[in-house]
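Presented below is the structure to which this report refers.
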Amino acid sequence: MAEDQFDDELEDGQGPANDPENNKQLDDKIIPLKGLYENWFLDYASYVILERAVPALFDGLKPVQRRILHSLKEMDDGRYNKVANVIGNTMKYHPHGDASIGDAMVQIGQKELMIDCQGNWGNTLTGDSAAAPRYIEARLSKFALHVAFNAKTTNWLKSYDGRNKEPEQLPIKFPLLLAQGAEGIAVGMACKILPHNFNELIDQSINHLRGKKVEIFPDFPSGGMVDYSNYNDGLRGGKVRVRAKIKKLDNKTLVINEIPYGTTTTSLIESVLKANDKGKIKIKKIEDNTSSEAEIMIHLANGVSPDKTMDALYAFTDCEVSISPNSSVIDGDTPRFLGVSEILRINTDNTVDLLKQELEIRLSELNEQWHFASLEKIFIREEMYIDFKKYADKEKLFVYLYDCFKPFKKQLMREINDDDLQKLTEIRMIRITRFDSDKADEVILKLEDEMAYVKERLANLTEHAIDYFKDLKKRFGEGRDRKTESRVFDTIKATKVIIANRKLYVDPEEGFIGWGLRKNEPVNDCSEIDDVIIFFKTGKLMVTKVADKKFVGKGIVYANVWKKGDKRTIYHMMYQDGVGGATMMKRFFVNSITRDTEYDLTKGSKGSKLLYFSVHPNGEKEVVTVVLRNRPHLKRLKFDIDFGELLIKGRSAGGNRVTKEIVQKIVQKEVGGSTLAARKIWYDPVVRRLNDEERGKFLGAFKGNDRILTLYKNGEYRLMGFDLSTHFDEDMIHLEKWMPDRPVSAVYYDGEKELHYVKRFLCEVTSDKRVSFISEDEGSYLDLVSTSYRPEAKIVYNKLLKATKNLPDNIVNLADMIDIKGMKAQGNQMTKLKVKEIVLCHEIDGGEPWPEDVKQEENESDEEDGPTETGENSFEWDIPKKEDDDADQLGLFSEGDN
């Protein structure tokens, strides 16, 4: 009933909503949302930025981290504490839950710098979490106790409930922020500072103190390789590329020993399996053998290239990750964006300031100790205590003592005050009776010596700070070498390394291409990101991205996978230039093109059509037979043309005229060898890769079965192909084009016989594996190796021994010492005397050049690299000379058309 009545009132325009008095009361209670957003949200954002997510500039800690370390110091008694107890004690200072404190503490502990951990603290490599707080223990590390705490130089604040005191910032005398790194997301800003190497930070701090340039780069605990080319000093907009270290165990197995920062073996394996499922790579299985060090075994499928798979892992998996730093910190109450070098300079200057404060405090303490020791000595020596019984109250006694000390004022460092006299009156009688004036003088002298030392340190504060940093490195720098290798990465093109996991089908009648046209015959293997080049009967070409099924146009003559920059695939074509026009021929390559754009390969005359087309992957020459339509005045209806004699031009060239007569048909007669020059290869030592872009050291021109010879510091060689995707081992010391008839000269130490041997041998083609050419006995090592014509070595004798003390260094020619023998031969003794070292007098391939190289350099000066697009060029046919009018009748001439 009440509800019905209320509804009726609303319908009649009555009720609470329409009552003016009720409306006024409601207006008084309404708080505008705009005001709430402006004030409350801003307060919340400021709190998150200043108190939660972004670290402080000077001590490099977020509030929760600072409170954890302060709590550990408060509980410190030299023994381990249960982490659960530390979390409970920290909650006196941190107004949040125990979970956030526990997670933050585990993160600090896993960095192995400030906290000494005991128990299962998790594994940063595998991503395994730490055990429960009640099962693990912690205490401050010796490093933390040394650099992070000093109550005398700390500014104290009240905790959130006012019951306790906590440090505003810890007086850390070290660039901790850069050593540990930091990451956090606040409201409207974020922070991502990468970790840096402990010893390098110290070295760069010393450089700053000495006025030198400061330059630092990240170092990751998980190792790997990193490219700092775009680091931008850690500021926003910079980027570092981090790669896993992948080694080839054999041709079917890859091993990952170091993983990129920010990944785990679990996440990396998942990314590899995902890429495999998508067909971007092809592996048989993957195993995780990680314990204290990462070890992921990748077993490859049959017929898969390990080198290309390594590139594919970098291109399609978490084996390569890109990290974008964003160096933001809190300076006082203000967020600031500072580069890591600027942060290091500020932290170093702050360390100097803290060291100065400590010295000044220590000097003040020494002054006080010296002052009281002098007072005590005078007090006891002058027996001022004897008349104490004459003074009943404290005031009269102090007046008496002030009078007694008046003659000695000049001997003191400052005025005497009541506190000094109070301490004197509290000296026990047993100490007075046992007072030794000589010992008191010794104490005062020691204090004066220490005071002089502190004053000297204050006067040379920069040197004091440098000594402090050197001491830090000496005490705590052992075992903290750089783990990440600095490299410049090459750019891996996904189209060159992706596995061709699909089949390309072409329907020339209906004009479709794709991997879903199963009813047609497959043209080639392809991947999902490949491009397809298509030639049409109209003399046009187009490049488009492959798809499941795509219509490109009817009249397809040829379609296949196309690789950008390919200058070695040569296309031969003949076409009729317009209706009834002359027949033209051209030989061209297609290396650059705009996708989904039609290009006319003819001169553009209306009615032009394609008469003949062929493709040659390596620029092979080709002879075709041209058959003309029978006409009364023609004496020859058939003749041969060799495409190999035609210059290779670009796709836009018009071509050369074959005949003005009507062609009935063109038939391929024969295909010969390649007309392209050998492929010139360079080696770029910066990225440690082969290239054909003239970067680095020129190795030579390669074709067919040519190989590259690589030499290694452990006395091994390897013969490999010249595939640009080849990866080279870290211990490689030399590579060059292999000449089968040129020997390798080597000097090595035989560990069993304890003698140095020299040998010269020809490398044998056995397999793609590394082959040892020195003794395999324990203690054997390679002294030198050379591929020179007549290599020279210098023997440096051991000057510490009597027999060789006065012997001068001896330079010998290895070619004169031994003839070329088998690879497994032991060789001849280099010398029976004890030597300090045997070194090469020139580069491995330096010294006197091979005679044939001198001639080859002269011959190669005029050679060109592969096919090149040129302007107008003359072209002449071998035309029969039996009848003078044949050439005119056939319409052949020697001018090139563009």
How about [X]: does its [atom1] atom have over 12 heavy atoms from other parts shown lying under 6.0 Å from it?
| X | atom1 | value |
| --- | --- | --- |
| Asp77 | CG | yes |
| Glu112 | CD | no |
| Lys356 | NZ | no |
| Lys799 | NZ | yes |
| Glu837 | CD | yes |
| Ile185 | CD1 | no |

Would you check if [X] and [Y] make a side-chain contact, meaning some heavy-atom pair closer than 4.5 Å?
| X | Y | answer |
| --- | --- | --- |
| Val64 | His96 | no |
| Glu448 | Leu445 | yes |
| Leu170 | Phe58 | no |
| Phe149 | Thr154 | no |
| Ser141 | Phe476 | no |
| Val785 | Ile733 | yes |
| Pro325 | Ile193 | no |
| Leu176 | Asp59 | no |

Can any side-chain N or O of [X] pair as donor or acceptor with the backbone N or O of [Y] at less than 3.5 Å?
| X | Y | result |
| --- | --- | --- |
| Ser267 | Thr263 | no |
| Asn120 | Gly122 | yes |
| Asp76 | Leu72 | no |
| Glu295 | Val255 | no |
| Thr90 | Ile68 | no |
| His196 | Leu178 | yes |
| Asn207 | Val214 | no |

Quick check for you: to the nearest 0.5 Å, what is the distance between [X] atom [atom1] and [Y] atom [atom2]?
| X | Y | atom1 | atom2 | value |
| --- | --- | --- | --- | --- |
| Cys319 | Ile296 | SG | CD1 | 7.0 Å |
| Met225 | Phe220 | CE | CZ | 13.0 Å |
| Leu354 | Thr153 | CG | OG1 | 5.5 Å |
| Asn350 | Gln169 | CG | CD | 8.0 Å |
| Asp729 | Arg688 | CG | CZ | 8.5 Å |
| Trp370 | Leu447 | CH2 | CG | 9.5 Å |

Applying side chain to side chain contact (heavy atoms under 4.5 Å, CB included), can you list everything that pairs with [X], at least two apart in sequence or on another chain?
| X | answer |
| --- | --- |
| Asp103 | none |
| Glu200 | Asn197, Arg482 |
| Glu320 | Arg241, Arg243, Tyr314 |

If you take all heavy atoms of [X] and [Y], which pair is closest and at what distance?
| X | Y | answer |
| --- | --- | --- |
| Pro335 | Ile330 | CA-CD1, 3.9 Å |
| Met451 | Leu363 | O-CD1, 4.1 Å |
| Ser327 | Gly339 | OG-C, 4.4 Å |
| Met732 | Tyr683 | CE-OH, 3.5 Å |
| Gly184 | Lys62 | CA-NZ, 3.9 Å |
| His464 | Arg457 | ND1-CD, 3.2 Å |

| said: Checking side-chain polar atoms at under 3.5 Å, does Asn326 have a donor or acceptor matched by the opposite partner on Ser328? | reply: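 Judged by distance alone, the side chains do not pair up.
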| message | Looking only at the side chains, is there a donor atom on one of Tyr468 and Glu358 sitting less than 3.5 Å from an acceptor on the other? | response |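 Side-chain D/A pair, Tyr468 to Glu358: absent.
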| request: Pick out which of Lys697, Arg487, Arg695, Arg689 makes a salt bridge (Lys or Arg N to Asp or Glu O under 4.0 Å) with Asp684. | output: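 Answer after filtering Lys697, Arg487, Arg695, Arg689: Arg695.
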| query | Only one of Arg475, Lys474, Lys473 forms a salt bridge (Lys or Arg N to Asp or Glu O under 4.0 Å) with Asp471, so which one is it? | reply |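 The single option meeting the salt bridge (Lys or Arg N to Asp or Glu O under 4.0 Å) with Asp471 is Arg475.
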| request: Carefully, step by step, assess Ser222 and Thr124 under the rule side chain to side chain contact (heavy atoms under 4.5 Å, CB included). | output: CA-CA 8 Å; Ser222 57; Thr124 56; over 6 Å; no
| request: Run the numbers on Glu74 and Tyr93 for side chain to side chain donor-acceptor pair (under 3.5 Å), then give the verdict. | output: CA-CA 12 Å; Glu74 194 176 52; Tyr93 309 105; 2.6 Å; yes
| request: Tell me, with the steps shown, if Leu782 and Tyr712 meet side chain to side chain contact (heavy atoms under 4.5 Å, CB included). | output: CA-CA 9 Å; Leu782 179 69; Tyr712 302 89; over 6 Å; no
| request: Walk me through it: do Glu368 and Arg414 pass the test side chain to side chain contact (heavy atoms under 4.5 Å, CB included)? | output: CA-CA 9 Å; Glu368 288 298 314; Arg414 64 170 174 82; 2.9 Å; yes
| said: Salt bridge or not between Lys245 and Glu730? Use side-chain N to carboxylate O under 4.0 Å. | reply: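 Result for this pair is no, no salt bridge flagged.
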| request: For salt bridge (charged side-chain N to carboxylate O under 4.0 Å, His left out), just list the numbers for Arg362 and Glu450, CA-CA rounded to whole Å, side-chain angles, deciding distance to a tenth of an Å, and then say yes or no. | output: CA-CA 10 Å; Arg362 180 56 183 160; Glu450 189 174 352; 2.8 Å; yes
| request: Test salt bridge (charged side-chain N to carboxylate O under 4.0 Å, His left out) on Asp116 and Arg139 and set out the steps. | output: CA-CA 5 Å; Asp116 185 4; Arg139 65 184 178 188; 3.0 Å; yes
| message | In this structure, is the centre-to-centre distance between the rings of Phe143 and Phe198 below 6.0 Å? | response |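 Between Phe143 and Phe198, which both carry aromatic rings, the centre distance is below 6.0 Å.
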| Among Leu344, Val340, Leu338, whose side chain to side chain contact (heavy atoms under 4.5 Å, CB included) with Glu342 holds? |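 Single pass found, and it is Leu338.
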| task | I would like to know whether Ile466 and Phe469 meet side chain to side chain contact (heavy atoms under 4.5 Å, CB included); could you show each step before the answer? | result | CA-CA 5 Å; Ile466 291 174; Phe469 278 113; 5.9 Å; no
| request: Assess whether salt bridge (charged side-chain N to carboxylate O under 4.0 Å, His left out) is satisfied between Glu360 and Lys152, documenting all intermediate values. | output: CA-CA 11 Å; Glu360 290 174 343; Lys152 297 172 183 177; over 6 Å; no
